[in-house]
Amino acid sequence: DPSWSPDGKWIAYFSDESGEYELHLRNQTGMGDVRKINLGNPPSFYYSPSWSPDSKKIVYSDKRLNLWYVDIEKGTPVKVDSLSRGGGGIGVSWSPDSRWLTYVKPLKSWYNAVFVYGLEEGKSTQVTDGMSDADGAEFDKGGKYIFFTASTDIGPRLFGFDMSGYPQRPTRSVYACVLRKDLPSPLAPESDEEKVAEEKKDEPKPEAAAAATAPKTPEKKETPKVGIDFDNIGQRIVALPIPALNFVGLISVKANTLFIAEFPNSAGPGPAGVTIHKFDLDKRKLDKVIDNISTFDVSANGEKMLFRQGPGWFIAATAQPVKPGEGRIKVEDLEVHVDPKAEWNQMYREAWRIERDFFYDPNHHGLDLKATAKKYEPYLESLAHRADLNYLFQEMLGELTVGHLYVQGGDVPDPKRVPGGLLGADYKIENGRYRFSRIFNGENWNPQLKAPLTQPGVNVAAGGYLLAVK
């Protein structure tokens, strides 16, 4: 999970170089020493490092459903909260001034609610009332709102283990929570009075015109300080004028501008993609940006977006309409140095850590993992192919004696294969030629089960000779 700092200086990622995962910070040039931050005990798997806007702190989560942040100067992790259920990374959004975090947390009802954590107070506060299932909490870049989605018809889908909720098609609406009491509603009634045209000013003198067109030093934008009045905050939540759809994510781009990801319920055949919409709060307008996206992200300054559409990767401006094919990144010629032996050794160690941390039985069915790992380790030296590693995994993990533990796939060479056609016949060699001894019938009414030699107009019969193949 690499993450680029907003100031462009650092790349943050998790590495198990020490034998357990730690947070590493590397200069984006690739030069210099790597700064390593120990994330404490017990060791764990960590997810989704996300930089604060001031590039001084990183928030992340672990497999035990804990949410943490670390000040990179102090290097000491601070626990934000713990969740009762979930999986993978926990979606978190920083406030523009890097003083607050917002995220969603499951309640006892199985619904999720929006929470806000103050770094200065070290306290987490629930924002939504839990009467709907909230998701995708995101601070507005202007610091006035928290945007989020919520569903009131998701009930049958909350617990889908029995599959009874699969046919249901829940929807979500988009909301804005006004953070301070003194701020007006973003949806307050607008004046319908006709605007008076401004009087045309006299043309400026040449000297004044030259001064006006001279390049100006760009003004440094001040970071908005975010204040939150938690008292009665639930009454300051407003529904945005956006139709309820199957929304799956939000990204704040600029102040009062929001990208919204929708997974269409009416997806056709083939892999379905996400549709990205853009909502302008000032204009109260929703526009479609692009369809059929599998990956999407926005730069820290909100000016560029990276997305994957089909097999291609693209970079485009967020302020302009996306033109098909423009901004394609040429990744076809990228090459990566790979040391299979080193990879297999790392994967061997990680396989045992995965069982240590994720196996459903903390006692691992009575198996001593460390002793078993040491027992099979000598076989690593004799591996010559990825298939050998898979075989080793099957043998060693079989000692856990558990069903539903599968070993498959991997980075196996994929040679170019040329498919061959079959005529649907038996042959024998006579007189130095191939002679048909039997012609097989097919189900020619079925496009997938046609017999080539029994097609209309192909008058081939047993006893004939095969003279040439074109």
Side-chain angles (χ1 to χ4, degrees), residues 156-157 160-169 246 248 262-275 290-295 307-314 324-325 328 330-334 338 340 344 347 383-398 401-470:
R157 290 293 298 268
F161 191 72
D162 61 359
M163 300 172 63
S164 63
Y166 283 18
Q168 308 300 324
R169 294 291 182 265
N246 186 27
V248 293
E262 176 209 353
F263 192 82
N265 281 324
S266 58
V274 168
T275 298
I290 194 167
D291 284 313
N292 199 28
I293 298 301
S294 57
T295 304
F307 60 90
R308 186 175 188 182
Q309 189 176 47
W313 290 87
F314 301 83
R328 185 183 179 94
K330 296 181 179 179
V331 298
E332 293 80 7
D333 297 329
L334 286 177
V338 175
W344 298 340
M347 293 166 68
L383 300 182
H385 192 276
R386 175 55 202 270
D388 297 341
L389 179 67
N390 283 2
Y391 178 75
L392 178 59
F393 282 170
Q394 290 168 348
E395 292 297 309
M396 71 186 197
L397 297 177
T401 60
V402 63
H404 292 79
L405 195 160
Y406 304 108
V407 178
Q408 59 188 0
D411 210 1
V412 178
D414 185 17
K416 184 178 180 181
R417 293 173 171 83
V418 179
L422 298 175
L423 288 178
D426 283 342
Y427 310 87
K428 59 184 178 180
I429 299 177
E430 289 185 6
N431 304 318
R433 303 270 186 184
Y434 290 103
R435 189 174 190 180
F436 295 108
S437 61
R438 182 181 178 185
I439 306 298
F440 291 95
N441 291 325
E443 295 179 357
N444 289 348
W445 50 268
N446 188 329
Q448 306 300 321
L449 298 174
K450 294 187 295 185
L453 299 182
T454 63
Q455 295 294 302
V458 183
N459 299 312
V460 176
Y465 286 91
L466 176 63
L467 301 179
V469 177
K470 295 182 179 181

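Keep in mind that this is a model prediction, so the values were computed, not measured.
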Steps toward side chain to side chain contact (heavy atoms under 4.5 Å, CB included) verdict (Phe307, Thr295) = CA-CA 5 Å; Phe307 60 90; Thr295 304; over 6 Å; no
Would you check, one step at a time, whether the test side chain to side chain contact (heavy atoms under 4.5 Å, CB included) holds for Ile290 with Phe314?
-> CA-CA 12 Å; Ile290 194 167; Phe314 301 83; over 6 Å; no
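Open room surrounds CZ on Arg438; 12 or fewer heavy atoms of other groups in view lie less than 6.0 Å from it. Phe436 CZ: more than 12 foreign heavy atoms inside a 6.0 Å radius. Applying the 6.0 Å contact sphere to CZ of Phe440 captures more than 12 heavy atoms from other residues, nucleotides or ligands.
Between the CG atom of Leu453 and the CG atom of Leu422 there is a distance of 11.0 Å, given to the nearest 0.5 Å. Of the inter-residue distances, the one linking Arg435 atom CZ with Arg433 atom CZ reads 12.5 Å to the nearest 0.5 angstrom. Remark: Ile293 CD1 to Phe263 CZ distance equals 13.0 Å, nearest 0.5 Å. Atom-to-atom distance recorded for Leu466:CG and Ile429:CD1 is 11.5 Å, nearest 0.5 angstrom. A distance of 11.0 Å separates CG of Asn459 from OG1 of Thr454, quoted to the nearest 0.5 Å. In this structure, CD in Gln394 is found 10.0 Å from CG in Leu389, a value given to the nearest 0.5 Å.
Contact annotation: the side chain of His385 approaches that of Pro413 to within less than 4.5 Å [non-hydrogen atoms, C-beta and beyond]. For the pair Pro264/Thr275, a side-chain contact is recorded, criterion being any heavy-atom separation below 4.5 Å from C-beta on.
Closest non-hydrogen pair, Ala425 versus Ile439, comes out as CB-CD1, 4.1 Å.
Between the side chain of Arg308 and the backbone N or O of Trp313 there is no donor-acceptor pair closer than 3.5 Å. The backbone N or O of Ser437 sits nowhere less than 3.5 Å from a side-chain atom of Asp426 that would complete a donor-acceptor pair.
Legend: residues meeting salt bridge (charged side-chain N to carboxylate O under 4.0 Å, His left out) with Asp291, ordered by chain and number and at least two apart, are Lys288.
The list of side-chain hydrogen bond (donor to acceptor under 3.5 Å, both in side chains) pairs with a residue in residues 408-422, not counting sequence neighbours, reads Asp414-Arg417.
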